[in-house]
Amino acid sequence: MIAVVASGMHLREPSWLVLLVALPAIAWLWRLQRRGLAWSAAGLLTGHAATSGVAAPLPLSARQRLAWLPAGLQLLALALLVVAIARPVQILVEPPERLGRDVLLCLDRSSSMAVQDLVASNAAVDPAGDETRLQVGKRLAADFLAGRSDDRVGIVTFARFADLVCPPTADRVACAKLLAATQLVDAEGPEDATAIGAAVGMAAELLQRSQAFGKVIVLLTDGEENVATAGAEDEIAPLHAGQWCRDHDIRVHCIALGRGEQMGDGSWRALDTTAVQQLAKLSGGQFFRAANERALRAVYAQIDRLEAVQFADPGTRVIEWYAVPVMLALLALLAAHLWRRSRLGELR
Amino acid sequence: MNTWALQPPPWWPWLVVLVPIALLLCVVCGRRYHRQVRAELGPRQFALLGARRFVVARATCLGLAVAAISIALLRPVVPGREAQLAPDVVLCVDVSRSMLAGDGDPTRFASLRRQAHGLLQGGIGSRFALLAFTSDVQTIAPLTADRDAVAWLLDELLPGAVLTVGGTNVGAAIEVGCALLEGGATAGDVVLLTDGEDFEGMGERAAMAAAASGHRVHCVGFGSQAGSKIVIDRAGEQAYLQDASGDDVITRLDVASLRNVVSAGDGTFVRDADGDELLRLWRDDLLPYAAENRLAAGEADVVPRFGWPLLAGLLLLMLHLCLPERR
């Protein structure tokens, strides 16, 4: 929807102009007061009797011809004050506001992320070198989050359990520092598992409180859900997390990182990505595979395009101009008073 | 919160100077005029002009009208959305082992957690950051509007768990707190939740630097000045922390040094007593201060309220002009 904005000068509250009806009443009241003056002895001194029609009209002096001026200035001052109360404003059209999203990165830190396989066949063109999946993932995620200049960004890491590392914040520098401090869990330790559903569930719980224009989770994992299995009814399965995200308008983009699971004999078993694909599809997000650093970088670029900046309806800036009629009114009142109290003014 | 402020235009000093001059000019011209008329007409004919009426009433109406119009020119405003007036607050949580002393409810750290939760629940509109400190400092959460997330992260903190080095470096905590505020592009409040004992002695200097940057440093002190021993878990049994010579360590709330720190930081010091001192500090000090500054600086959406004093000025002026000068 495009809002139509009328720029230029306007009266914001024109209903106050109804006060202008008081001005003729005040002018009439002055006229009554002057008529009374004409019949008094003072009228002889001030010359009002001469103009009241009782005696023969005398030629009017310059001062008498301008006798209306002070009253006119006072009425003008009152009219200007009424206009000021009606709020004259100038409306300027502003560039539309960039609408930010809340973006949460869910980063797998299970021991399988220690594998160093994000190297292309042509190692010369792939800078991953001997970095682990986690190190490459953190580095590229930091670049991605730093580029989301209109968004608030946060981090959830997970292995067996999900941990909130950084709630959504506009401080991308602090968020990057917390991301850099993320470490792998101990291999074969009690936390060495992959709880994708729990991680997405925690991220969704954070984002459901958000008032942002858009809510996005970016899930980066190299494994399969192995916590919310058939016998673990208390755990959150990726499918349920996906449904919850769908119900709260949270999109989940899922990235499957690496070649798969490395077996004991050095071969690779391809990952079963059914669950994360369903998670992405349910929530309105997309599923990606990234077998090396270049592919991962391309995935982040694709997510950047999918979650491109949106613009609000054109904004306006209002400049109040009431001070101008008020100052003119004060000047008119001062001029009227000084005129009356000068040689040019009538005797009162 | 009934907050209103003036957002005067840049030329407001001219108003303050010129309006009294204009009023004085009117008074001087009026008196000179009446003296001249009396001198020219003579007393008898001057009397025929009629006695002056409503002198005080007309002058009062004019004076009040000019005052009301002047107030309108100074742009009185009220906040459009009160939530955006709330301050940005960094909570600096002391996680040194002295916070396990038993002179709290039941420990100092338990009291700290209760106070902080009370603030996170009641501090609507504020953004909060959280850091933990001993002699080292760790950022737990940068400035965020998600108070529930900060509360969750607060629950994860325990003395001795997050930072394993001992000691208390208040100065470093203030410096990192200010960095977090600057990361959020804001001026705000650093609140130390600690039992004092600033072993590094850098607190006052850091607080002065914070005040110079536009931030304020406050403190909630936990513990007692009489002191308490520190209960620890040793091999599954509870024991008192001992020093190198085998004596039980007694830790005391260092009120004097904390007062010096907050004084240098232009802040307020309160002691933990009923459990809601921190929330009251936010409500009675931090919030009004931030609201006033943000309104005056034009950082908040405002609703202009000049119409009412202007209307009052207009009505008083009409009354002044309608009252006859003479019989």
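Just so you know, these numbers come straight off a predicted model, no measurement behind them. Proteins get letters first, then strands, A, B, ... in listed order; numbering begins at 1 in each.
- For the pair A/Thr169 (side chain) and B/Thr144 (backbone), a donor-acceptor distance under 3.5 Å is absent.
- Using cut-offs of 30° and 60° on the angle between ring planes, the pair A/Tyr322 and B/Phe306 is parallel.
- Heavy atoms of B/Leu130 lying under 4.5 Å from chain A are absent altogether.
- Residue pairs meeting the salt bridge (Lys or Arg N to Asp or Glu O under 4.0 Å) criterion with at least one partner in residues 10-23 of chain B, sequence neighbours excluded, do not occur; the list is empty.
- Residues B/Ile69 and A/Leu81 are in side-chain contact: their nearest non-hydrogen atoms beyond the backbone lie under 4.5 Å apart.
- Atom CG of B/Leu25 is separated from atom NE2 of A/His337 by 8.0 Å, given to the nearest 0.5 angstrom.
- Residue pairs satisfying the side-chain hydrogen bond (donor to acceptor under 3.5 Å, both in side chains) criterion with at least one member in residues 174-183 of chain A, sequence neighbours excluded, are absent.
- Looking at A/Leu164, both its backbone and its side chain come within 4.5 Å of chain B, counting heavy atoms on both sides.
- Taken from CZ in B/Arg32 to CZ in A/Arg341, the straight-line distance is 12.0 Å, to the nearest 0.5 Å.
- For A/Ile85, the parts lying under 4.5 angstrom from a heavy atom of chain B are both the backbone and the side chain.
- Considering all non-hydrogen atoms of both residues, B/Gly184 and A/Asp171 come closest at N-OD2, 4.3 Å.
- Of all heavy-atom pairs spanning B/Trp11 and A/Ala323, the tightest one is CZ2-CB, 3.9 Å.
- For B/Pro304, the part lying under 4.5 angstrom from a heavy atom of chain A is the side chain only.
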- Task: List the steps, then state whether side-chain contact (heavy atoms from CB on, under 4.5 Å) holds for B/Leu311 with A/Leu19.
- Result: CA-CA 10 Å; B/Leu311 180 64; A/Leu19 290 172; 3.7 Å; yes

- Check against side-chain contact (heavy atoms from CB on, under 4.5 Å), B/Tyr33 and A/Arg340: CA-CA 9 Å; B/Tyr33 171 78; A/Arg340 273 222 169 92; over 6 Å; no

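- Within residues 145-153 of chain B, the residues that have a heavy atom under 4.5 Å from a heavy atom of chain A are B/Ala145, B/Asp146, B/Asp148, B/Ala149, B/Trp152, B/Leu153, listed by number.
- Across A/Val173, A/Ile26, A/Val82, the residue that shares the most heavy-atom pairs under 4.5 angstrom with chain B is A/Ile26.
- When the shell of 6.0 Å around CD of B/Gln121 is examined, it contains 12 or fewer heavy atoms from other residues, nucleotides or ligands.
- Ranked by non-hydrogen atom pairs under 4.5 Å with chain A, the options B/Cys322, B/Pro9, B/Ala141 are led by B/Cys322.
- One distance of note links CG of A/Leu338 with SG of B/Cys29; it measures 5.0 Å at 0.5 Å rounding.
- In terms of heavy-atom pairs under 4.5 angstrom with chain A, the leader among B/Gly313, B/Gly307, B/Ala72, B/Ala129 is B/Ala72.
- A/Arg152 touches chain B through its side chain: at least one heavy atom from C-beta onward sits under 4.5 Å away, while N, CA, C and O do not.
- Neither the backbone nor the side chain of A/Ala86 comes within contact range of chain B; no heavy atoms are under 4.5 Å apart.
- Taken to the nearest 0.5 Å, the NE2 atom of B/His320 stands 7.0 Å off from the CD atom of A/Gln74.
- The distance from the CG atom of A/Leu334 to the SG atom of B/Cys26 is 5.0 Å, given to the nearest 0.5 Å.
- Looking at A/Glu13, there are no atoms closer than 4.5 Å to chain B (heavy atoms on both sides), in backbone or side chain.
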- Evaluation steps, side-chain contact (heavy atoms from CB on, under 4.5 Å), between A/Leu330 and B/Leu73: CA-CA 11 Å; A/Leu330 290 177; B/Leu73 285 172; 4.3 Å; yes

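- Here the side chains of B/Leu321 and A/Leu75 are not in contact, with every heavy-atom distance at 4.5 Å or above.
- Residue A/Leu78 touches chain B through both its backbone and its side chain, counting heavy-atom pairs closer than 4.5 Å.
- The ring-ring contact (aromatic ring centres under 6.0 Å, His included) check on A/Phe158 picks up nothing, with sequence neighbours excluded.
- Only the side chain of A/Val326 comes within contact range of chain B, judged by heavy atoms closer than 4.5 Å.
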